K.L.:
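Questions regarding the structure given below will be posed in turn.
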There are 2 protein chains.
Amino acid sequence: MTGAPAIREKHDGALADRTSIRLWLRLLSCTTVMEKRIRRRFADRYDATLPRFDVLAALDRAPDGMTMGALSRALLVSSGNVTGVVQALLRDGYVLMTTSPTDGRASIVRLTPEGQDHFAELSEAHHEWIDAMLAGMSRHDREALYELLGALKLSLAADTGEEKP
Amino acid sequence: MTGAPAIREKHDGALADRTSIRLWLRLLSCTTVMEKRIRRRFADRYDATLPRFDVLAALDRAPDGMTMGALSRALLVSSGNVTGVVQALLRDGYVLMTTSPTDGRASIVRLTPEGQDHFAELSEAHHEWIDAMLAGMSRHDREALYELLGALKLSLAADTGEEKP
DNA sequence: GCTTGATATTTTAAGCTTGAAACTTTTTCC
DNA sequence: GGAAAAAGTTTCAAGCTTAAAATATCAAGC
């Protein structure tokens with residue numbers, strides 16, 4: 001599979017162009033700006049954090065609750081991490097935690113009604129912020145960007161990090 | 001400037017489409033995957049971290065050194081944060097810190113020769129990793145993605161976070 | 001039934017990140 | 001020259017993140 005082989009210099013293995021690095025830096029910059037902005041607004045206006053929002057969002061999609069392990073896999077974070085975030089949500093009364101009736105090792109986490117309300121509020125604000133941040137792009141450009149990010153996703157999936165054979 | 005005004009529902013101000021949210025989630029996903037991969041490889045193969053690499057990169061561009069404040073502004077992180085990262089680099093012998101001769105409040109941080117060598121090694125690996133991760137995209141697509149991210153950058157700059165007037 | 005290994009979770013140590021408070025030095029303004 | 005304000009930096013508390021070690025439970029095989 002050789003869609004577009006990287007063009008290399010004759011010397012020392014450095015790529016001839018800086019396209020990739022510039023692209024990565026711009027991608028990182030855009031994401032960082034958006035993420036910091038969302039984080040800041042959550043903190044300032046709702047006394048909330050992005051990781052807690054992520055957990056609430058995952059639980060909102062699972063009315064019957066999720067195990068800690070399922071949460072960890074869904075959010076792509078370590079299980080130890082989930083433990084801390086869920087404990088904070090427990091203190092705030094936004095989630096309930098029960099031991100699974102079928103597996104004594106597993107805990108099942110569930111939104112409380114307060115958690116549902118809280119998430120609904122956060123979610124609406126979050127949606128509006130994203131819309132506003134992207135409002136300066138035409139729908140055509142947004143869709144084109146979405147598609148190209150799909151191509152990037154594929155490229156990332158193809159890169160295994162192995163040394164060249 | 002009205003490239004393509006957002007299409008809104010008649011009711012409750014919610015946008016009619018989910019283009020923006022889907023785009024944001026995909027953007028975040030791609031960046032997170034790349035960032036975690038780089039972070040992991042730095043840790044596994046070089047006993048380094050991404051924040052330290054960022055500081056080294058900024059200092060590498062400033063042969064005469066930078067103040068802590070300049071570093072903080074260049075990297076878009078808090079000054080307290082820079083303090084911690086620079087202290088770690090000091091312990092490793094990669095940077096030197098001196099009080100500014102013209103301003104007793106300011107510290108000037110500079111790479112040591114070891115720091116320069118270390119950064120050169122990290123930088124080359126970093127470059128190769130990025131190239132490999134993006135190698136699955138055609139040059140045309142990479143450039144198109146770069147341009148669209150430029151449009152996103154502009155859109156972000158236009159969003160002030162103010163309430164609608 | 002009991003041992004062995006696998007699985008689910010928590011704990012711990014180390015590091016990054018921020019915002020606010022504290023400290024030092026410089027600048028400004030009488 | 002001296003007081004007050006401003007600026008550069010560090011310290012501190014709180015929270016997120018990970019990997020690795022420790023706990024507890026389940027499952028398989030004998």
Side-chain angles (χ1 to χ4, degrees), chain A residues 28 31-33 35-56 58 65-92 94-95 97-109, chain B residues 28 31-33 35-56 58 65-92 94-95 97-109:
Chain A
L28 181 59
T31 305
T32 303
V33 166
E35 203 171 342
K36 284 196 174 184
R37 212 171 277 186
I38 295 168
R39 215 177 274 276
R40 172 73 60 95
R41 292 177 190 176
F42 269 149
D44 286 352
R45 307 182 192 181
Y46 296 98
D47 197 31
T49 69
L50 204 38
R52 285 178 211 180
F53 176 73
D54 290 341
V55 168
L56 292 176
M66 298 173 77
T67 65
M68 297 294 275
L71 265 177
S72 166
R73 285 185 296 275
L75 302 178
L76 302 177
V77 298
S78 68
S79 53
N81 187 355
V82 173
T83 299
V85 176
V86 165
Q87 280 172 356
L89 292 172
L90 278 169
R91 280 195 300 274
D92 291 343
Y94 294 141
V95 303
M97 202 168 177
T98 55
T99 300
S100 164
T102 64
D103 186 340
R105 298 164 299 178
S107 303
I108 295 180
V109 188
Chain B
L28 182 59
T31 305
T32 303
V33 166
E35 203 171 343
K36 284 196 174 183
R37 214 172 276 185
I38 294 167
R39 216 176 273 276
R40 172 72 61 94
R41 291 177 190 175
F42 269 149
D44 286 351
R45 308 182 192 180
Y46 296 97
D47 196 32
T49 69
L50 204 38
R52 285 177 212 180
F53 175 73
D54 290 340
V55 168
L56 294 176
M66 297 174 77
T67 65
M68 298 293 276
L71 266 176
S72 166
R73 285 186 296 276
L75 303 177
L76 302 176
V77 299
S78 68
S79 53
N81 187 357
V82 173
T83 298
V85 176
V86 166
Q87 279 173 355
L89 292 172
L90 278 170
R91 279 195 301 274
D92 292 343
Y94 294 141
V95 303
M97 202 168 177
T98 55
T99 300
S100 164
T102 65
D103 187 339
R105 299 165 299 181
S107 303
I108 295 181
V109 189

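Small disclaimer: the values here were computed from a predicted structure and weren't measured. The figures that follow rest on heavy atoms only: side chains count, while hydrogens, waters and symmetry mates do not. Labels below follow one simple rule: chain letters A, B, ... track the order of the sequence lines, proteins then strands, and each chain is numbered from 1.
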K.L.:
OP1 or OP2 of dC16(C) sitting under 4.0 Å from any side-chain N/O of Arg52(B)?
P.N.:
yes
K.L.:
Starting at the 5' end of DNA chain C and moving along, which residue's nearest nucleotide shows up first, Arg40(A) or Ile108(A)?
P.N.:
Ile108(A)
K.L.:
Would you say dC16(C) has OP1 or OP2 under 4.0 Å from some side-chain N or O of Thr49(B)?
P.N.:
yes
K.L.:
What pair of heavy atoms forms the shortest contact from Met66(A) to Ala58(A), and how long is it?
P.N.:
SD-O, 3.7 Å
K.L.:
Enter the distance from Arg40(B):CZ to Leu50(B):CG here, rounded to the nearest 0.5 Å.
P.N.:
13.5 Å
K.L.:
With a non-hydrogen cut-off below 4.0 angstrom, is Arg73(B) in contact with a base, only sugar-phosphate, or nothing?
P.N.:
nothing
K.L.:
Measure CZ/Arg91(A) against C1'/dC16(D) and give the value in whole Å, please.
P.N.:
13 Å
K.L.:
How long is the line joining CG of Leu89(B) and C1' of dG15(C), in whole Å?
P.N.:
13 Å
K.L.:
I need the residues from residues 76-88 of chain B with at least one non-hydrogen atom less than 4.0 Å from DNA chain D; give them sorted by number, or say none.
P.N.:
Ser79(B), Gly80(B), Thr83(B), Gln87(B)
K.L.:
Specify the separation, in whole Å, of atom CG of Asp47(B) and atom C1' of dA19(D).
P.N.:
13 Å
K.L.:
Rounded to whole angstroms, how far apart are CG on Leu71(B) and P on dT9(D)?
P.N.:
9 Å
K.L.:
Under 4.0 Å between a side-chain N or O of Arg105(A) and OP1 or OP2 of dT23(D)?
P.N.:
no
K.L.:
Does OP1 or OP2 of dT17(C) have a side-chain N or O of Lys36(A) closer than 4.0 Å?
P.N.:
no
